[in-house]
Amino acid sequence: MPELPEVETIKLGLQKKTIGLTISNIEVLSPKSFIGKAKDLKNKKIQQVWRRAKILGIDVEGRMTLLFHLKMTGQLIYNPSTRLRASSRFIGGHPTPDMRDKMPNSHTRVIFTFSDGSHLYFNDQRKFGWIKIVKFGEGIPGTLGPEPLTKEFSWQILKTNLLRHKSMPVKVAIMDQSVVSGVGNIYANEACFDAKIDPKTKVKDLDDLQFKKLHSGIIKSLTDGIAHGGSSRAHFVDAEGRKGYFLDYAFVYGRDRKPCKKCGTTIEKIILGGRGSYFCPTCQQ
DNA sequence: CACTTGACCTGTCCGC
DNA sequence: TGCGGACAGGTCAAGT
């Protein structure tokens, strides 16, 4: 679920809702999901919420930062209500699907409670995700490539970084976070489609025009993803528990055996780098 | 060294 | 209806 557009969507929501709130309690239901001493954050005020690659950061008083990585199935949901608390309240009720994501559920791993009584839930079905307490300014890997939605990300930088993986399929290479940060499987597929490049093309076989198209394809697919509130295969919800709808707009991801939205050719699915990869054999050559 | 596979976990969906 | 297997947004470590 969470690639750059999804984490960005959550960031925007949390900036709006949580800056200035004071943490009054942290309940860690799954110890493996939380690294650090939760007590250190008690009575600390949230100062800033930011994103780098797919990592979300929350700066708190005392020069500490909470880092979140949602991996495959993580969710971060802010609930302003002081009443939605014990999951037992909902047993036997008829919650909507969105509510089911929102409330504490069997996948809730960490619950933050704020001094105004509101809550932030970290839900994560597969427990791959994590929360870490680090010192301000620490904890982000130094190997991360450029942020694709800033001016530091030029097509020349993309070309230089990709050429470290000359014989790799281009779609696999753009998922390497040291090449460009934040692109995951969904947007890698969409970016290749937008660039009209077959995802299995080796990096060394691309020409400059294709590097330029790939560069703009990455930016376009990520930007569209944010505009549609992120993707939603099954798990993604924003900071208020709402689903994103980018996949309704996807050209190739998840559309194998369906007709290409541009030319009608049947979309194919292959495995590249161990991941499902989708492309239109007519549009992408 | 470059690249692929397996592991981490849990759930869902599909075919038989 | 049940059951086994494949697969799922990410990233490491281990293996080839």
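Just so we're on the same page: letters track the sequence lines, and every chain starts at 1. As the structure is a computational prediction, the values presented were derived from the model and not from experiment.
Across the protein-nucleic acid pair, A/Arg126 atom CZ and C/dA6 atom P stand 15 Å apart, rounded to whole Å. Atom CZ of A/Phe128 is separated from atom P of B/dG6 by 15 Å (rounded to the nearest Å). Nucleotide B/dA7 holds its P atom 19 Å from the NZ atom of A/Lys127, rounded to whole Å. C/dG10 atom P lies 16 Å from atom CG of A/Leu56, rounded to whole Å. What separates CD of A/Glu6 from C1' of C/dA8 is a distance of 14 Å, to the nearest Å. Atom P of nucleotide C/dA6 and atom CE of A/Met72 are separated by 17 Å, given to the nearest angstrom. A/Glu3 has its CD atom 9 Å from the P atom of C/dT11, to the nearest Å. Look at CD1 on A/Ile55: it is 13 Å from P on C/dG10, rounded to the nearest Å.
For A/Gln177 and C/dT11, the shortest distance from a side-chain N or O to OP1 or OP2 is below 4.0 Å. OP1 or OP2 of B/dG11 lies within a sub-4.0 Å distance of a side-chain N or O belonging to A/His107. Taking side-chain N and O atoms only, A/Lys54 has a distance below 4.0 Å to OP1 or OP2 of C/dG10. Within the structure, a side-chain polar atom (N or O) of A/Lys269 is placed less than 4.0 Å from OP1 or OP2 of C/dA8.
When distances are taken from the side chain of A/Gln125 to each of B/dG11, C/dG10, B/dC9, the shortest belongs to B/dG11. In this structure, of C/dG10, C/dT11, C/dA8, it is C/dG10 that holds the atom nearest to the side chain of A/Met175. Relative to the side chain of A/Lys32, the nucleotides B/dC9, C/dA8, C/dT11 differ in distance, and B/dC9 lies closest.
Taking the ring centroids of A/His215 and A/Phe153, they lie under the 6.0 Å cut-off.
Among the atoms of the strands shown, none is found under 4.0 Å from any heavy atom of A/Gly274.
Partner assigned to B/dC9 is none, using Watson-Crick or G-U wobble distances below 3.5 angstrom.
The neighbour count for A/Lys45 NZ, taken as heavy atoms of other residues, nucleotides or ligands under 6.0 Å away, does not exceed 12.
Judged by the 6.0 Å and 45° rule, A/Lys262 forms a cation-pi pair with A/Phe251. Annotation: cation-pi geometry satisfied between A/Lys132 and A/Trp130 (NZ/CZ under 6.0 angstrom from ring centroid, within 45° of ring axis).
Checked by distance alone, A/Arg275 brings no side-chain donor or acceptor within 3.5 Å of a matching partner on the base of C/dA8.
Going from the P atom of B/dC9 to that of C/dA13 covers 15 Å, rounded to whole Å.
In summary, the side chains of A/Asn123 and A/Gln75 do present a donor paired with an acceptor at a separation below 3.5 Å, with no hydrogens or angles considered.
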